[in-house]
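Structure record follows, encoded as structure tokens.
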Amino acid sequence: MPAAYALIDCNNFYASCERVFRPELRGRPVVVLSNNDGCVIARSAEAKELGVGMGTPYFKCRTMLERQGVAVFSSNYALYGDLSARVMRVLGRFCPSVEIYSIDEAFADLSGVPGGAAAFSRRLRATVEAWTGIPVSIGLGPTKTLAKLANRFAKKQPRCRGVFDLAASPDPDRVLRWTDVGEVWGIGPRHAKRLRKLGVRTALDFRELKREWVRRKMTVTGLHTLLELRGLPCLDFASGPPSKKTIVSSRSFGHPVTRLEDLMEATAQYATRAAEKLRRQRSVAGHVLVHLETNRFRLGEPQYNNAAPVPLAVATAHTPDLIRAAQAGLKRIFRDGYAYKKCGVMLSGLESEDGRWLSLLDLPPDAHGRHAPLMRAVDACNSRWGRDTVKFAASGLNGTWRMRRELCSPRYTTAWEELLTVKAG
DNA sequence: TCTGGGGTCCTAGGACCC
DNA sequence: TCTGGGGTCCTAGGACCC
């Protein structure tokens, strides 16, 4: 039996999340903004119809959104992360195997499910929506790339009612002809532009190209896309999340920042977040990279961008060590007289906590090993009582650099004091 | 005044090794 | 006029994804 991959994708995920606890917003246009209320990153179907573009800066569309009565939200990742986990739990309960691909998407291998993949998917879709409040679309195909393509068809064609099985279609080529080449998973804007110039306009045109040509012009990743469109699986199905090879924590500031002290606080904060992610995957880091940048959109102002790599003598996940290293790097690249927009911390050279190498002389002292119980206790407190219940003084208390989130909804599902209140009577 | 954040993979070229 | 052959590792840049 040929493999039946499903791609389950939440519809307009962040906008749908905002609606779960605000049912009066159903049928109304909803928009979610990026951090700092910078630009539009999610739109409900109604907002898309109004012509609100993905990635449009908020300050450019604000008036229009207000005039049209669009409900606008700052991004609320506490809410989205939690609702995502609920959706994934439902999928995990019913599907033989699930690969979580992103916050709002998962692949499932539905080969051999009783009653056929399409009927199974219809029930799954109804269950996810009933149990979580999140509407999903499901595409089915013999490879991941074709499942993606089928999913897009399911979303755009109302008569599919959210589920489309490419393998069961009487004319699968028609769907490929309907799909613009730039919409194919793995073909980005650069390649799409180049392909269109050569007259390759649809997924079907692309599928008919010679494999040698694709290999030469688009490397093996392009070749994989080609073969997947032909029904030959090239992309593995992974049931567990792979460990990250780099971990980044980086943010734009709420206001331009000029003082080193503020950058030091922000850097400590980002190093702390990165260290938390590092410990969650049970890894240690061998390198820290700090980067710093001014606002590239301000053409008249002096620009400065720099990054400092800081190798660690002993790989560690000990937050104070990572803060120290990051701040040392920051001091090296900081230049007075610029208005900074953003800084960030990247951890690389990651190894498993158990398999790590120790320095020959164990110098400096192996803080990670010695202090592991301390960091575990800090993580446990913050996990139980909420982020930053225990924090490092180096990241400060009320820095002006913190993000703006003026339109944030409550953390309905992850903070006791923000639970929804229902009045009866 | 205001333009997100976090990842992966591939390739070419340089440094370095024997 | 002439300057081997064969490797590995690292980094930067480009392309892609959500």
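Just so we're clear, the structure is a prediction, and the values are computed from it rather than from any experiment. In what follows, chains carry the letters A, B, and so on, assigned in the order in which the sequence lines appear, proteins first and then strands, with residues in each chain numbered from 1.
- Partners of Arg22(A) under the side chain to side chain donor-acceptor pair (under 3.5 Å) rule, at least two apart in sequence or in another chain, are Glu24(A).
- Counting any heavy atom pair closer than 4.0 Å across all strands shown, Asp37(A) reaches no nucleic acid atom.
- The interatomic distance linking Arg43(A) (CZ) with dC18(C) (P) rounds to 14 Å, in whole Å.
- The salt bridge (charged side-chain N to carboxylate O under 4.0 Å, His left out) analysis of residues 76-92 of chain A, with sequence neighbours excluded, yields the pairs Asp82(A)-Arg86(A).
- Under a 3.5 Å cut-off, the side chain of Arg251(A) and the backbone N or O of Ala266(A) do not form any donor-acceptor pair.
- Remark on DNA chain B: of its neighbouring residues Arg215(A) and Asn295(A), the 5'-side contact belongs to Asn295(A), judged by nearest-heavy-atom nucleotide.
- Pairs of residues two or more places apart, or lying in two chains, never qualify as salt bridge (charged side-chain N to carboxylate O under 4.0 Å, His left out) while including a residue from residues 210-232 of chain A.
- For the segment residues 217-234 of chain A, the set of residues with a heavy atom within less than 4.0 Å of an atom of DNA chain B comprises Thr219(A), Val220(A), Thr221(A), in numerical order.
- The distance between atom CG of Leu149(A) and atom P of dC17(C), rounded to the nearest whole Å, is 13 Å.
- Contact annotation for Asn36(A): no contact, since no heavy-atom pair falls under 4.0 Å across all strands.
- For residues 40-54 of chain A, the salt bridge (charged side-chain N to carboxylate O under 4.0 Å, His left out) pairs, not counting sequence neighbours, are Arg19(A)-Glu46(A).
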Evaluate the side-chain hydrogen bond (donor to acceptor under 3.5 Å, both in side chains) criterion for residues Ser409(A) and Asn76(A): first the C-alpha distance (whole Å), next the side-chain angles of each, then the deciding distance (0.1 Å), finally the verdict. CA-CA 7 Å; Ser409(A) 51; Asn76(A) 181 350; 3.0 Å; yes

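- Within 4.0 Å of Phe297(A), counting heavy atoms only, lies at least one base atom of the nucleic acid.
- Residues from residues 236-272 of chain A with heavy atoms under 4.0 angstrom of DNA chain C: there are none.
- With sequence neighbours excluded, the residues that form a side chain to side chain donor-acceptor pair (under 3.5 Å) with Glu261(A) are Arg259(A).
- Annotation: dT3(B) and dC18(C) have their P atoms spaced 25 Å apart (nearest Å).
- Rounding to whole angstrom units, CG of residue Leu347(A) and P of dT8(B) are separated by 12 Å.
- In the region residues 60-75 of chain A, proximity to DNA chain B at under 4.0 angstrom, judged on heavy atoms, holds for none of the residues.
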Can you give the donor-acceptor pairs under 3.5 Å from side chains of residues 128-135 of chain A to other protein atoms, not counting sequence neighbours?
residue   : atom : partner   : partner atom : Å
Thr132(A) : OG1  : Val128(A) : O            : 2.7
Thr132(A) : OG1  : Ile134(A) : N            : 3.1

From CA spacing to verdict: side-chain hydrogen bond (donor to acceptor under 3.5 Å, both in side chains), Arg279(A), Thr319(A): CA-CA 10 Å; Arg279(A) 291 193 294 271; Thr319(A) 299; 2.8 Å; yes

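- When every heavy atom of Thr267(A) is checked against every heavy atom of Leu330(A), the shortest pair comes out as OG1-CD2, 3.5 Å.
- In summary, the aromatic rings of Tyr101(A) and Trp185(A) are positioned with their centroids under 6.0 Å apart.
- In this structure, the CG atom of Leu407(A) is 16 Å from the C1' atom of dG4(B), given to the nearest Å.
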Tell me, what's DNA chain C's dot-bracket, Watson-Crick or G-U with both distances under 3.5 Å, | for other-strand, [ ] crossing? ....||||||||||||||

Which letters describe nucleotides 9-16 of chain C, given B = protein heavy atom under 4.0 Å from base, S = only from sugar-phosphate, - = neither? ------SS

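- Within 4.0 Å of Arg194(A), counting heavy atoms only, lies no atom of the nucleic acid at all.
- For Lys148(A) and dC17(C), the NZ to C1' distance is 8 Å, given to the nearest whole Å.
- Taking the side chain to side chain donor-acceptor pair (under 3.5 Å) definition, one finds that Arg196(A) meets it with Asp180(A), sequence neighbours left out.
- Between the side chains of Thr143(A) and Thr145(A), no donor N or O sits under 3.5 Å from an acceptor N or O.
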Determine whether Tyr80(A) and Glu18(A) satisfy the following criterion, side-chain hydrogen bond (donor to acceptor under 3.5 Å, both in side chains), listing intermediate values before the conclusion. CA-CA 9 Å; Tyr80(A) 312 151; Glu18(A) 296 294 349; 2.6 Å; yes

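- If you take CD of Glu301(A) and P of dT1(B), they are 10 Å apart, rounded to a whole angstrom.
- For Lys341(A) and Glu293(A), the salt-bridge test fails: no basic side-chain N is under 4.0 Å from an acidic carboxylate O.
- We find that Asp321(A) and Arg324(A) are joined by a salt bridge, their nearest charged nitrogen and carboxylate oxygen being less than 4.0 Å apart.
- An OP1 or OP2 oxygen of dG5(B) is reached within less than 4.0 angstrom by a side-chain nitrogen or oxygen of Lys342(A).
- For the pair Ile100(A) CD1 and dT8(B) P, the computed distance is 16 Å after rounding to whole Å.
- Side-chain contact annotation: Ser74(A) with Asp37(A), donor-acceptor N/O pair under 3.5 Å present.
- Following rounding to the nearest Å, Met346(A) (CE) and dG7(B) (C1') show an atom-to-atom distance of 10 Å.
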